[in-house]
Amino acid sequence: MKIASWNINSVRARLDNLIAWMQETDPDVVLLQETKCLAEQFPREPLENLGYTVVVKGQKSYNGVAILSKLTVEDVRTSLPGDENDVEARYLEAVVGGNTRVASLYVPNGQEVGAEKYFYKLRFFERLSAHFKDVLSYKESFVVGGDYNVAPTDYDVYDPILFKNRLSVTPQERAGFHSLLNLGFQDAIRVLYPEDKADNTALYTWWDYRQAGFSKNHGLRIDHLLLSPQAGGRLFEAGIDRFVRAQVKPSDHAPVWCVLKQ
DNA sequence: ATGGTCGATCGTCGA
């Protein structure tokens, strides 16, 4: 089972890129973030024509997450518990293929360290921890793919000195991400590409559109696939489809994917 | 250096 996650930065602006990438890489399940449209504006039909069931949590202009699956889809959940006043479309969960629960996650960017949105981001991690504590008690494997907007360590940052205490790398944000690992999740990329052995500059998933970030490889690793212990035991392969970021009219993020046995 | 480049939407916000 191949599961891929991609912050697409508008599914309507990027539909051709999405279809070409899916035809080339043939994932069973795709987790999308920043689809940036209402559910009724989502381009379902061309994706259904490729053989995928399409599940959407939409929002006008901002955010938006989706799950595309060639496998059966059951038990869909469309929001993250813990704040009934939060209407932002950032979380979608479903069971695919009967034995694997997946979630498409778009953690708040945080805007600026200390801003109101920054604290919303930190609270969002607390809500994720509380919800995942529950989900990890279920029988099926659980894979959470998405844009976490956190570079977990300095190995995930092209210039750690420049980035010191900036958004996405503050100790508080990293603690939020790490609290998920402490629940028992594994970071799929780091299981197969450990920090001390890998070419960490090849593992970035986001590059700023501005100042030619991609051509200079000024990147961050902020998109992740977290695997429950059961899912971790099935891990066979993982990678980042960096070539997608080099194409015409790209998203500022590259997809991250993993293959689980069975 | 407080810029720069995108997308949604159409002046400006969010990233």
Side-chain angles (χ1 to χ4, degrees), chain A residues 5-21 31-44 46 56-66 80 85-92 104-125 145-152 156-170 172-174 176-177 204-224 240-256:
Chain A
S5 175
W6 188 22
N7 180 322
I8 194 171
N9 187 18
S10 173
V11 69
R12 291 180 296 170
R14 214 83 56 209
L15 184 59
D16 292 348
N17 309 50
L18 176 62
I19 289 171
W21 165 68
L31 309 170
L32 295 176
Q33 302 87 38
E34 279 210 89
T35 50
K36 289 190 168 178
C37 64
L38 294 165
E40 55 264 37
Q41 299 171 312
F42 195 97
R44 286 174 171 279
V56 173
K57 170 73 170 184
Q59 184 183 331
K60 187 181 177 183
S61 303
Y62 302 115
N63 310 315
V65 284
L80 180 67
N85 296 319
D86 184 0
V87 295
E88 299 193 8
R90 297 183 176 277
Y91 189 82
L92 187 60
S104 181
L105 170 67
Y106 180 41
V107 172
N109 167 284
Q111 192 171 44
E112 189 184 339
V113 178
E116 197 173 318
K117 287 179 175 141
Y118 175 78
F119 296 108
Y120 169 52
K121 180 179 192 173
L122 298 183
R123 285 199 308 275
F124 200 89
F125 274 111
D147 177 0
Y148 290 74
N149 267 312
V150 174
D156 304 309
V157 180
Y158 75 92
D159 187 344
I161 294 168
L162 176 68
F163 268 71
K164 193 166 173 60
N165 292 321
R166 279 185 28 184
L167 195 66
S168 307
V169 309
T170 64
Q172 293 87 345
E173 290 164 276
R174 284 177 166 170
F177 181 81
Y204 303 142
T205 64
W206 174 86
W207 301 257
D208 204 318
Y209 284 127
R210 297 168 291 188
Q211 295 174 332
F214 183 68
S215 59
K216 291 187 265 192
N217 199 26
H218 288 179
L220 305 177
R221 194 176 73 91
I222 58 175
D223 300 86
H224 311 292
I240 292 149
D241 284 339
R242 187 187 171 95
F243 70 92
V244 170
R245 182 62 176 80
Q247 290 172 339
V248 175
K249 210 179 165 219
S251 167
D252 45 356
H253 295 253
V256 56

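Predicted model, so just to flag it, every value in this text is computed and none were measured. Within every chain, numbering begins at 1; the chains are lettered A, B, ... in the order of the sequence lines, protein sequences first and strands thereafter.
Taking atom C1' in both B:dA15 and B:dT2, the straight-line distance is 16 Å, to the nearest Å. B:dA1 sits 26 Å from B:dG14 when the P atoms are compared, rounded to a whole Å. Rounded to the nearest Å, the gap between the P atom of B:dT12 and that of B:dG3 is 16 Å.
Closest to the side chain of A:Asn109, from the set B:dG4, B:dT5, B:dA15, is B:dA15.
With rounding to whole Å, A:His253 atom NE2 is found 13 Å from B:dG7 atom C1'. The nearest whole Å value for the distance from the CD atom in A:Glu112 to the P atom in B:dT2 is 15 Å. Regarding A:Asn9, its CG atom lies at a distance of 6 Å from the C1' atom of B:dG7, rounded to whole Å. Protein atom OH of A:Tyr120 is 13 Å distant from nucleotide atom C1' of B:dG14, rounded to whole Å. Atom pair A:Tyr106:OH and B:dG14:P shows a separation of 11 Å (rounding to whole Å applied). Atom CH2 in A:Trp207 sits roughly 16 Å away from atom C1' in B:dT5 (whole-Å rounding). Here the C1' atom of nucleotide B:dG14 and the CG atom of A:Leu167 are 12 Å apart, to the nearest Å. Across the protein-nucleic acid pair, A:Asp208 atom CG and B:dC6 atom P stand 10 Å apart, rounded to whole Å.
Side-chain contact, A:Asp86 with A:Tyr91: no donor N or O sits under 3.5 Å from an acceptor N or O. In the model, A:Lys36 has a side-chain atom that pairs as donor or acceptor with a side-chain atom of A:Asn9 under 3.5 Å.
Nearer to the 5' terminus of DNA chain B, by closest-nucleotide assignment, is the contact made by A:Arg210 (compared with the other of A:Arg210 and A:Val11). DNA chain B is contacted by both A:Tyr62 and A:Ala212; A:Ala212 maps to the nucleotide lying nearer its 5′ end (nearest heavy atom per residue).
Between B:dG7 and A:Arg14, a contact under 4.0 Å exists linking OP1 or OP2 to a side-chain N or O. Contact annotation: A:Lys60 does not reach the phosphate of B:dA8 (side-chain N/O to OP1 or OP2, under 4.0 Å).
Under a cut-off of 6.0 angstrom, the local environment of CD in A:Glu112 is sparse, with at most 12 non-hydrogen atoms contributed by other residues, nucleotides or ligands. Within a 6.0 Å radius of CG in A:Leu162, other residues, nucleotides and ligands contribute more than 12 heavy atoms. At most 12 non-hydrogen atoms from other residues, nucleotides or ligands lie less than 6.0 angstrom from NZ of A:Lys164.
A:Phe214 comes within 4.0 angstrom of no nucleic acid atom, judged by non-hydrogen atoms across all strands.
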